[in-house]
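Reading through the structure tokens given below for one structure.
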Amino acid sequence: MQITEQELIRRAKQGHEDALEQIFRGHVDSAIRLAYLITRNWATAEDAVQEAFLQAFRSLDSFQDERPFKPWFTKIVVNKAKRTKDRLDRGHLPYEVEEPNPHRGYAPEEHALDKEGIDTLFHAINELDDNHRLPLLLKYISGLTEAQIAETLSIPGSRVKSRLYVARQRLKKHIAALEGGGQNEDV
Amino acid sequence: MKTFEEKIEQTLQENSEWSGSADALWGKISSQLQPETAKRPWKRKPFLFGAAATVVLAFMLHTMFTPVPLPPSTLEPTEMLRMQTFSIAMLPEPEVYHPGEQVKLAFGAYPPSEWAENQELRLAIWKEVKEEQILAGERMVHEEEILGQSSLSVQIPVEPGLYRLVLEGTFIHEGQTTAVLAEKTILVEGEKSDEIIEND
């Protein structure tokens, strides 16, 4: 029988380590991806996620069971990753700028986008400022709804909508400029 | 043909593939969780430091204004009670309360010293959050609340958690200044509330 997230949280609050581990395994992948895309450094992304899980688990008592765990936890991940990135930017930690993803492998025939297209789009995403990049990451990496993104970033829902729209427009414009106006697709 | 949204998602997914070990990461996390859960909250450093500081302060106050210690047999029962309030031996596991209850905060009254001179009498409620203490509430205490009393009634915080109640300062009654000091650690149980834990 599939155990619900609420039940898992309840068990975790009671100190069942297997429940904590299940929560961890259910969220670690998207958390690491998100933290990496914020910090652009795998080691610090792992550190940020580790700190985020520790903080979340230590604060579980203050979390209401009936609410979805992911937006609450994602907010912690974002804060930890941003804080780490700030430290990197201030030079307190070594920052591997634009670190190439060592785990990335391409099989162009399996994808609708080839390597060049992915690189171009990824470059364009990284050119976005945080206000427009973070909502994209939360939508496409964390799978949050616009309402959940609003809660995570502590901004109104209408602003999330407009930031996502502007981000997509900027990406299109950026790609079109790089490709000499060749990109012309609808959102 | 993929939509633009699908292309964004694919791009982000392909550029964030993690090949690290979830097992190793879980090992680090669980190893740090175990000592945390095993440790009793009121044994943590901030509370111990706070409690110890109060005891030292109370001891200093007491000795400063009782230069010639009275023999035990001559101590008034109420005086002994005040001394016991700050005895290290009584440093305490927290008493458990529920939201809405009242707690009696027993205090000691002393002649004022330099540290307490002109310091308003205030009740501060410190909450332990993530091994740090944050000021959860503070208010002035008026003379009439404590005059002729040996304890102050304090409303228990609504939010569950571990709290330290500190009453300190001076009050003036009929031209005479008196210093007051008290501390108590309490654990509030009850309905949980959803606390925003990050406010960056």
Side-chain angles (χ1 to χ4, degrees), chain A residues 13 15 17 20-21 24-25 28-29 32-34 36-37 42 45-46 49-50 53-59 61-65 67 72 75-76 78-80 82-83 101-106 111-113 117-122 124-125 136-137 139-141 154 167-168 171-172 185-187, chain B residues 1-41 44 127-132 134 136 157-162 187-200:
Chain A
K13 283 182 177 181
E17 192 173 327
L20 290 171
E21 185 173 354
F24 164 82
R25 294 196 182 276
V28 66
D29 186 66
I32 285 275
R33 285 174 183 273
L34 178 63
Y36 170 71
L37 289 168
W42 285 107
E46 287 186 19
V49 168
Q50 180 180 333
F53 272 113
L54 284 169
Q55 181 170 332
F57 289 158
R58 286 169 180 162
S59 309
D61 278 347
S62 67
F63 175 72
Q64 287 179 338
D65 301 356
R67 299 188 68 183
W72 182 76
K75 182 171 187 166
I76 301 174
V78 169
N79 286 332
K80 293 288 182 194
K82 281 169 74 178
R83 195 173 298 162
N101 181 352
H103 315 304
R104 178 178 160 192
Y106 289 108
H111 301 298
L113 279 176
I118 287 176
D119 280 347
T120 304
L121 187 50
F122 191 54
I125 292 170
L136 277 186
L137 303 184
K139 181 175 172 65
Y140 297 110
I141 289 292
S154 303
R168 284 189 289 250
L171 290 180
K172 285 182 174 183
E185 293 179 58
D186 293 334
V187 173
Chain B
M1 189 67 179
K2 292 203 169 194
T3 65
F4 192 56
E5 294 214 21
E6 287 169 338
K7 288 178 183 178
I8 294 172
E9 184 169 357
Q10 181 189 344
T11 297
L12 288 173
Q13 293 288 347
E14 290 200 6
N15 278 282
S16 61
E17 282 170 15
W18 182 50
S19 69
S21 164
D23 289 338
L25 188 55
W26 172 245
K28 288 182 196 172
I29 292 169
S30 62
S31 68
Q32 289 186 58
L33 282 173
Q34 280 162 359
E36 189 64 29
T37 50
K39 198 161 57 173
R40 308 300 292 173
R44 291 179 194 156
K127 184 180 185 192
E128 194 195 54
V129 178
K130 290 174 275 174
E131 297 198 1
E132 290 179 6
I134 59 167
V158 175
E159 191 85 20
L162 192 64
L187 183 64
V188 179
E189 291 187 338
E191 286 187 5
K192 306 288 189 286
S193 65
D194 190 11
E195 180 185 319
I196 300 296
I197 61 173
E198 280 281 321
N199 286 312
D200 289 354

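On a predicted model such as this, the values are computed, not experimentally measured, just so you know. Chain A is the first sequence line, chain B the second, and so forth, proteins listed ahead of strands; every chain is numbered from 1.
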*How long is the span from the OH atom in A/Tyr140 to the CD atom in B/Gln10, to the nearest 0.5 Å?*
13.5 Å
_B/Ile8 CD1 to A/Ile141 CD1 distance, which is reported to the nearest 0.5 Å_ = 11.5 Å
*Give, as side chain, backbone, both or neither, the part of A/Lys82 having an atom under 4.5 angstrom from any heavy atom of chain B.*
neither
*Less than 4.5 Å apart, any side-chain heavy atom of B/Pro160 and any of A/Asp61?*
no
*Identify the heavy atoms of B/Ile29 and A/Leu54 that sit nearest to each other, and give their distance.*
O-CD2, 3.6 Å
*Salt bridge present between A/Arg168 and B/Glu5 (N-O < 4.0 angstrom)*: yes
*What closest approach, in Å, do A/Arg58 and B/Gln32 show between heavy atoms, and which atom pair accounts for it?*
NH2-O, 3.6 Å
*In Å, rounded to the nearest 0.5 Å, how long is the span from CG of B/Leu33 to CZ of A/Phe53?*
11.0 Å
*For the candidates A/Ile32, A/Val78, A/Leu34, which exhibits the highest count of non-hydrogen atom pairs separated by less than 4.5 Å from chain B?*
A/Ile32
*Distance from A/Leu121 atom CG to B/Glu9 atom CD, nearest 0.5 Å?*
12.0 Å
*Distance from B/Ser16 atom OG to A/Asp29 atom CG, nearest 0.5 Å?*
7.5 Å
*Taking all heavy atoms of B/Asn15 and all of A/Ile118, pick out the closest pair and write down the distance.*
ND2-CG2, 3.5 Å
*Do A/Glu46 and B/Trp18 come within less than 4.5 Å of each other through their side chains, counting heavy atoms only?*
yes
*Measure the acute angle between the ring planes of B/Trp26 and A/Phe57, then classify it against the limits of 30° and 60° as parallel, tilted or perpendicular.*
perpendicular
*asked:* Could you measure the distance from the CG atom of B/Asp23 to the CZ atom of A/Arg25? Nearest 0.5 Å is fine.
replied: 4.5 Å
